[in-house]
Amino acid sequence: MAASPAPGRETPPVIRPGQRLDGLAELERTLADGVSRWQQLTGDKVVYWGGMAHTAVGAPRTVSPSDPLESHRNMGGYLRARLGLDYRSVGLTMAHGSIGQPLTAPRPDFVDSLLHAAAGNRAGYFLDLGTSQPEPIRRLLNAPTRTRLIGPFYDPRDDAAYHMSGGSLASWFDVVVHTQEVTPYRPLP
């Protein structure tokens, strides 16, 4: 007989070969199921590297562009529900540089712009959202916001269209790593 999940944790359903997946919401659940199954099979700690739209604790979160606009729980939301605080979400934000095409500074209405300004002359920084902050900062971190999403279909000519909303930095992430300038990858020697 299978052991019951720990209190506050969900048991992932079994995905059968050939099972039909419907849209991005189903993809998110399937991604979470795969990570959960791997962790259960191996008993190992797992690091999953993926885009913020997937790894943020979105319960729900909204990603754009999508037509129609989609708001639903994502992989990070499922994993937080299943693993509690054993699931940690890290947000990666950037200011400008090149991603194989020019990446301009973030729009003022994106939280990335505020993170960029806060960096000052530093190349970047690590922001632990679980530590205590002065009340004005805590209010800012808990306020609904939008962050830029740079993924495989990102078009810098239409930067405003590529964002995540429906939550706050503090609800989506445990930590934010911000870098001022990005460059395309280079193979190691």
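Predicted model only: the values in this text are computed from it and were never measured. Basis for what follows: all heavy atoms, side chains included, without hydrogens, waters or symmetry-related copies.
Hydrophobic clustering of Ile, Leu, Val, Met, Phe, Trp and Tyr side chains at less than 4.5 Å, counting indirect connections, unites M164 with L127. A continuous path of Ile, Leu, Val, Met, Phe, Trp and Tyr side chains, each step under 4.5 Å between heavy atoms, connects L129 with V111, placing both in one hydrophobic cluster.
Note that the CG atom of D112 and the CG atom of D159 stand 8.5 Å from one another [nearest 0.5 Å]. Here the OG1-CZ distance, from T30 to R37, works out to 11.5 Å after rounding to the nearest 0.5 Å.
Shown here are the side-chain contact (heavy atoms from CB on, under 4.5 Å) partners of T179, two or more places apart in sequence or in another chain: M94, V182. Qualifying side-chain contact (heavy atoms from CB on, under 4.5 Å) partners for I137, counting only residues two or more places apart in sequence or in other chains: Q133, P134, L141. N121 meets the side-chain contact (heavy atoms from CB on, under 4.5 Å) test with no other residue; sequence neighbours excluded. Take F173 and apply the ring-ring contact (aromatic ring centres under 6.0 Å, His included) test, not counting sequence neighbours, and it matches no residue. For the ring-ring contact (aromatic ring centres under 6.0 Å, His included) test, residues two or more places apart in sequence or in another chain that qualify with H178 are Y125. For the side-chain hydrogen bond (donor to acceptor under 3.5 Å, both in side chains) test, residues two or more places apart in sequence or in another chain that qualify with S168 are S171.
For residues 91-108, the salt bridge (Lys or Arg N to Asp or Glu O under 4.0 Å) pairs, not counting sequence neighbours, are R107-D109. Applying the salt bridge (Lys or Arg N to Asp or Glu O under 4.0 Å) definition to pairs two or more places apart or across chains, those involving residues 116-138 are E135-R139. A salt bridge (Lys or Arg N to Asp or Glu O under 4.0 Å) check over residues 88-98, counting only residues at least two apart or in different chains, returns the pairs R88-D174. Here side-chain hydrogen bond (donor to acceptor under 3.5 Å, both in side chains) pairs that include residues 45-60, with residues two or more places apart or in two chains, are E28-H54.
Between S36 and R82, the shortest heavy-atom contact is OG-NH1, 3.0 Å. What you find for R146 and A160 is that their closest heavy atoms are NH2-O, 4.4 Å. In plain terms, the two heavy atoms of H116 and P106 that are nearest each other are CB-CG, 4.5 Å. When all heavy atoms of A56 and S89 are compared, the pair lying nearest together is CA-OG, 3.4 Å. Here the closest non-hydrogen pair linking Q180 and A119 is CD-CB, 3.3 Å.
Considering only heavy atoms from C-beta on, M52 comes within 4.5 Å of L149 through its side chain. Side-chain atoms of F126 and V175, non-hydrogen and from C-beta on, do get closer than 4.5 Å to each other. By the 4.5 Å heavy-atom criterion applied to side chains, L140 and L114 are counted as neighbours. With contacts defined as side-chain heavy-atom distances shorter than 4.5 Å, the pair L103/R148 qualifies. Between V57 and Y87, some side-chain heavy-atom pair lies under the 4.5 Å cut-off. Considering only heavy atoms from C-beta on, Y162 comes within 4.5 Å of D155 through its side chain.
Here the side chain of N74 pairs a donor or acceptor atom with the backbone of G58 at under 3.5 angstrom.
Both the sub-6.0 Å distance and the 45° axial angle are not jointly satisfied by R29 relative to the ring of Y78.
Summarising the hydrophobic clusters (Ile, Leu, Val, Met, Phe, Trp, Tyr; side-chain heavy atoms under 4.5 Å, direct or chained), the residues clustered with Y185 are none. Cluster partners of F110: none. The rule joins Ile, Leu, Val, Met, Phe, Trp and Tyr whenever side-chain heavy atoms lie under 4.5 Å apart, and it links nothing here.
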